[in-house]
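Structure first, commentary second.
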Amino acid sequence: MDNVHIRIKDLRERCGYTQEYVGKKLDISQQAYSNYEKNKRALPARHAYLLAQLYHVSTDYILGLETEPLETMFPDAEYVRNVSFRKMVNSLMRLDEKQRNSVYSYLNFLHHKK
């Protein structure tokens with residue numbers, strides 16, 4: 001659990017989030033969040049949980065108990081800023097079958113384009 005500050009900074013940077021954005025998600029200031037990344041303050045359990053949701057990883061990964069960031073499904077976590085998995089699924093369910101197939105084909109195209 002010694003490298004929590006390194007993990008959360010790495011996750012934030014990989015997602016392209018600012019400290020201010022993550023601080024808002026935790027309902028704290030940018031400076032308070034910065035103290036976590038600088039290892040000046042311990043990360044409380046409630047913030048570890050919220051960060052795990054934000055980054056779609058387990059709390060065990062955040063805390064350094066797992067070496068790989070295994071993805072975890074959080075239905076209400078934001079997968080794209082301000083859009084949760086639950087919202088995406090609800091939107092898809094409102095489409096007719098042809099539209100859903102088109103969305104799936106496009107996602108498949110994007111996935112294989114990597």
Side-chain angles (χ1 to χ4, degrees):
M1 291 183 26
D2 297 335
N3 296 322
V4 172
H5 65 292
I6 294 169
R7 286 178 187 258
I8 63 173
K9 181 177 182 180
D10 179 61
L11 287 166
R12 179 183 58 78
E13 288 176 343
R14 280 196 275 158
C15 289
Y17 296 153
T18 64
Q19 287 184 343
E20 181 179 11
Y21 176 78
V22 176
K24 285 180 183 178
K25 292 296 170 188
L26 301 179
D27 200 25
I28 59 174
S29 69
Q30 175 273 327
Q31 184 61 45
Y33 177 75
S34 175
N35 286 332
Y36 297 151
E37 284 192 5
K38 292 179 182 177
N39 205 24
K40 290 183 178 180
R41 297 208 54 171
L43 184 68
R46 70 183 184 280
H47 288 165
Y49 174 76
L50 292 172
L51 289 173
Q53 285 188 311
L54 179 64
Y55 298 126
H56 314 290
V57 297
S58 69
T59 53
D60 282 353
Y61 178 75
I62 297 278
L63 299 174
L65 302 173
E66 288 179 357
T67 57
E68 295 296 319
L70 303 174
E71 295 222 3
T72 304
M73 175 67 75
F74 293 101
D76 293 313
E78 294 180 2
Y79 283 76
V80 178
R81 292 190 180 168
N82 297 320
V83 179
S84 69
F85 180 77
R86 187 182 313 275
K87 285 181 186 176
M88 284 191 278
V89 170
N90 286 339
S91 294
L92 286 171
M93 295 308 294
R94 287 192 291 271
L95 300 176
D96 64 35
E97 185 176 357
K98 183 178 178 187
Q99 292 169 319
R100 283 195 305 270
N101 284 330
S102 294
V103 169
Y104 177 76
S105 293
Y106 182 66
L107 291 174
N108 196 35
F109 164 78
L110 290 175
H111 177 74
H112 287 93
K113 190 176 178 182
K114 291 190 219 179

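This one's a predicted model, so the numbers in the text were calculated from it and none came from an experiment. As a basis for the values below, the full set of heavy atoms in this structure was taken, side chains included, without hydrogen atoms, waters or symmetry mates. All residue numbers in this chain count up from 1 along the given sequence.
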Interatomic spacing from [atom1] in [X] to [atom2] in [Y] - rounded to 0.5 Å:
{"X": "L50", "Y": "I62", "atom1": "CG", "atom2": "CD1", "result": "10.5 Å"}
{"X": "Q30", "Y": "N35", "atom1": "CD", "atom2": "CG", "result": "9.0 Å"}
{"X": "K24", "Y": "Q19", "atom1": "NZ", "atom2": "CD", "result": "13.5 Å"}
{"X": "L51", "Y": "R46", "atom1": "CG", "atom2": "CZ", "result": "11.5 Å"}
{"X": "N108", "Y": "N101", "atom1": "CG", "atom2": "CG", "result": "11.5 Å"}
{"X": "L54", "Y": "C15", "atom1": "CG", "atom2": "SG", "result": "6.5 Å"}

pair [X]-[Y]: side-chain heavy atoms closer than 4.5 Å:
{"X": "V22", "Y": "Y55", "answer": "yes"}
{"X": "R12", "Y": "Y33", "answer": "yes"}
{"X": "T18", "Y": "Y21", "answer": "yes"}

Under the ring pair (Phe, Tyr, Trp, His ring centres under 6.0 Å) test, which residues partner Y36, sequence neighbours left out?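 Expected list: H47.
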Of the non-hydrogen atoms in [X] and [Y], which two are nearest, and what is the gap between them?
{"X": "S58", "Y": "A52", "answer": "C-CB, 4.0 Å"}
{"X": "T59", "Y": "A48", "answer": "CG2-O, 3.9 Å"}
{"X": "R7", "Y": "G64", "answer": "NE-CA, 3.5 Å"}
{"X": "P44", "Y": "A42", "answer": "CD-O, 3.3 Å"}

Under a single-linkage definition using a 4.5 Å side-chain heavy-atom cutoff for Ile, Leu, Val, Met, Phe, Trp and Tyr, are V89 and Y104 assigned to the same hydrophobic cluster?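 Result: no, two separate clusters.
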Considering residues, nucleotides and ligands other than E20, do more than 12 of their heavy atoms fall under 6.0 Å from its CD?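 Counting other residues, nucleotides and ligands, CD of E20 stays at 12 neighbours or fewer.
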Salt-bridge present (D96, R100; N to O < 4.0 Å):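 R100 and D96: not salt-bridged.
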